[in-house]
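These numbers come from a predicted model, not from an experiment. Per chain, numbering begins at 1; letters A, B, ... match sequence-line order. Every heavy atom of this structure was used, including side-chain atoms; hydrogens, water molecules and symmetry mates were not.
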Amino acid sequence: MALPELLSRLRLAPLRHHLGRSLSAVAPPPDEPPPPYPPAPPQPPSNPKLFVAGLSWSTDERSLMDAFSSFGTVTEVRIMYDKNSGRSRGFGFVQFSNDYEAKCAKDAMDGKVMLGRPLRISFALGKVRGGPVIVPRLPTLK
DNA sequence: GTTGAGCGTT
C-alpha cells in the first residue's frame, strides 16, 4: 500500500509541478485581441451636417427647417438653387448643433416622403467651412 | 409649364 502511494507521489509531484508552471505560463492569453478585419469603421460617419437630396422642386429652406427642427437645434439650412433659373436643384444641407441630433434626424427622415418625393439623407462631406480640408501648401517662392 | 442622381456659396 505504501509503495504505490510513494510511486504516485514521486511521479506526480514533478508532473504537477510542471503542469502548474506550464499552465501559468500559457494562462495569460485569454485576452486575444480579435483583429477587426474591416479596419475602416471604428466610428460610423457622423457629423452635425446632413446632405438632403430628393427634395421637391418646390421645397424651400423654410419648409425644410420646419421638417427637421423637431429633432434638434438646426443651425443652418441651405438649399442649392440654380444660378440662372433660380429654381431648386433638389438637394440641400441641414446642420444641427450636434452629431446626435443629426443622426437622429437622419434615421427618422431618411426615406420619408416629403411633398411627394422620398428624401435621401446622408451625412454631408466635402466643403465645410473651417473643416478638415487639406490644402497642399507649396513652399513660397522668394 | 420640362428633369430626378447627386455633396454647396458667401
Side-chain angles (χ1 to χ4, degrees), chain A residues 3-142:
Chain A
L3 185 59
E5 187 177 349
L6 180 62
L7 281 178
S8 63
R9 283 200 179 192
L10 285 177
R11 299 183 59 171
L12 279 181
L15 184 63
R16 296 182 72 176
H17 185 256
H18 181 267
L19 276 179
R21 289 184 60 189
S22 60
L23 279 180
S24 62
V26 183
D31 302 283
E32 282 198 29
Y37 254 96
Q43 303 167 346
S46 181
N47 62 73
K49 188 175 291 185
L50 294 179
F51 168 76
V52 183
L55 295 175
S56 173
W57 313 122
S58 58
T59 303
D60 59 347
E61 296 180 346
R62 176 64 181 278
S63 58
L64 188 61
M65 191 187 67
D66 290 342
F68 283 84
S69 58
S70 61
F71 300 99
T73 303
V74 179
T75 60
E76 183 178 2
V77 176
R78 184 159 293 268
I79 292 183
M80 306 316 298
Y81 293 95
D82 185 77
K83 295 290 192 298
N84 295 4
S85 64
R87 277 176 306 178
S88 171
R89 291 168 61 181
F91 72 93
F93 299 89
V94 178
Q95 187 172 24
F96 288 87
S97 59
N98 60 67
D99 300 20
Y100 174 76
E101 296 175 348
K103 181 179 180 58
C104 186
K106 175 184 177 302
D107 294 341
M109 294 297 290
D110 191 16
K112 281 299 183 61
V113 177
M114 181 178 299
L115 269 52
R117 278 289 172 176
L119 262 47
R120 295 182 59 258
I121 304 180
S122 56
F123 292 100
L125 40 83
K127 309 295 178 69
V128 177
R129 188 163 63 174
V133 180
I134 302 176
V135 179
R137 201 166 295 274
L138 297 176
T140 54
L141 296 177
K142 288 184 178 178

Quiz item: Under the salt bridge (charged side-chain N to carboxylate O under 4.0 Å, His left out) test, which residues partner A/R78, sequence neighbours left out?
Solution: A/E76
Quiz prompt | Length of the CD-P vector between A/Q95 and B/dT9, whole Å | solution = 16 Å
Practice problem: Would you please name every residue forming a side chain to side chain contact (heavy atoms under 4.5 Å, CB included) with A/N84, sequence neighbours left out? | Solution: A/D82
Self-check item: Aromatic-base stack, A/F93 on B/dG8, cutoff 5.5 Å, angle under 30
Solution: yes
Exercise. Quickly work out the A/D82 CG to B/dG8 C1' distance and round it to whole Å.
Key: 13 Å
Quiz item: In residues 68-80 of chain A, what residues come within less than 4.0 Å of DNA chain B, judged by heavy atoms?
Solution: A/R78, A/M80
Quiz item: Tell me: CG of A/D110 to P of B/dC7, nearest whole Å?
Solution: 15 Å
Quiz item: Rounded to the Å, how far apart are A/F123 CZ and B/dC7 C1'?
Solution: 14 Å
Quiz item: Taking only residues two or more places apart in sequence, or in another chain, which ones meet A/S56 in a side chain to side chain contact (heavy atoms under 4.5 Å, CB included)?
Solution: A/S58, A/T59, A/L115, A/R117
Quiz item: Under the side-chain hydrogen bond (donor to acceptor under 3.5 Å, both in side chains) test, which residues partner A/S63, sequence neighbours left out?
Solution: A/D60
Quiz item: With sequence neighbours left out, what residues match A/F51 under ring-ring contact (aromatic ring centres under 6.0 Å, His included)?
Solution: A/F91, A/F93
Quiz item: Step by step, would you call A/F71 with A/V94 a side-chain contact (heavy atoms from CB on, under 4.5 Å)?
Solution: CA-CA 11 Å; A/F71 300 99; A/V94 178; over 6 Å; no
Exercise. Only counting residues at least two apart or in another chain, list the ones meeting side chain to side chain contact (heavy atoms under 4.5 Å, CB included) with A/Y100.
Key: A/N98
Exercise. For A/D107, enumerate each residue passing the side chain to side chain contact (heavy atoms under 4.5 Å, CB included) test, keeping only those at least two apart in sequence or located in another chain.
Key: A/K103
Self-check item: Contact list for DNA chain B against residues 58-67 of chain A - heavy-atom distance below 4.0 Å
Solution: none
Quiz item: Do the side chains of A/V113 and A/L119 get nearer than 4.5 Å, heavy atoms only?
Solution: no
Practice problem: Could you list the residues that satisfy salt bridge (charged side-chain N to carboxylate O under 4.0 Å, His left out) with A/D66, not counting sequence neighbours? | Solution: A/R62
Protein and nucleotides 2-4 of chain B: nitrogen or oxygen contacts under 3.5 angstrom:
from: B/dT2; atom 1: OP2; to: A/R87; atom 2: NH1; distance (Å): 3.0
from: B/dG4; atom 1: N7; to: A/R117; atom 2: NH2; distance (Å): 3.0
from: B/dG4; atom 1: O6; to: A/W57; atom 2: NE1; distance (Å): 3.0
from: B/dG4; atom 1: N1; to: A/L55; atom 2: O; distance (Å): 2.6
from: B/dG4; atom 1: N2; to: A/L55; atom 2: O; distance (Å): 3.0
from: B/dG4; atom 1: N2; to: A/G90; atom 2: O; distance (Å): 3.1

Practice problem: Could you list the residues that satisfy side-chain hydrogen bond (donor to acceptor under 3.5 Å, both in side chains) with A/S69, not counting sequence neighbours? | Solution: none
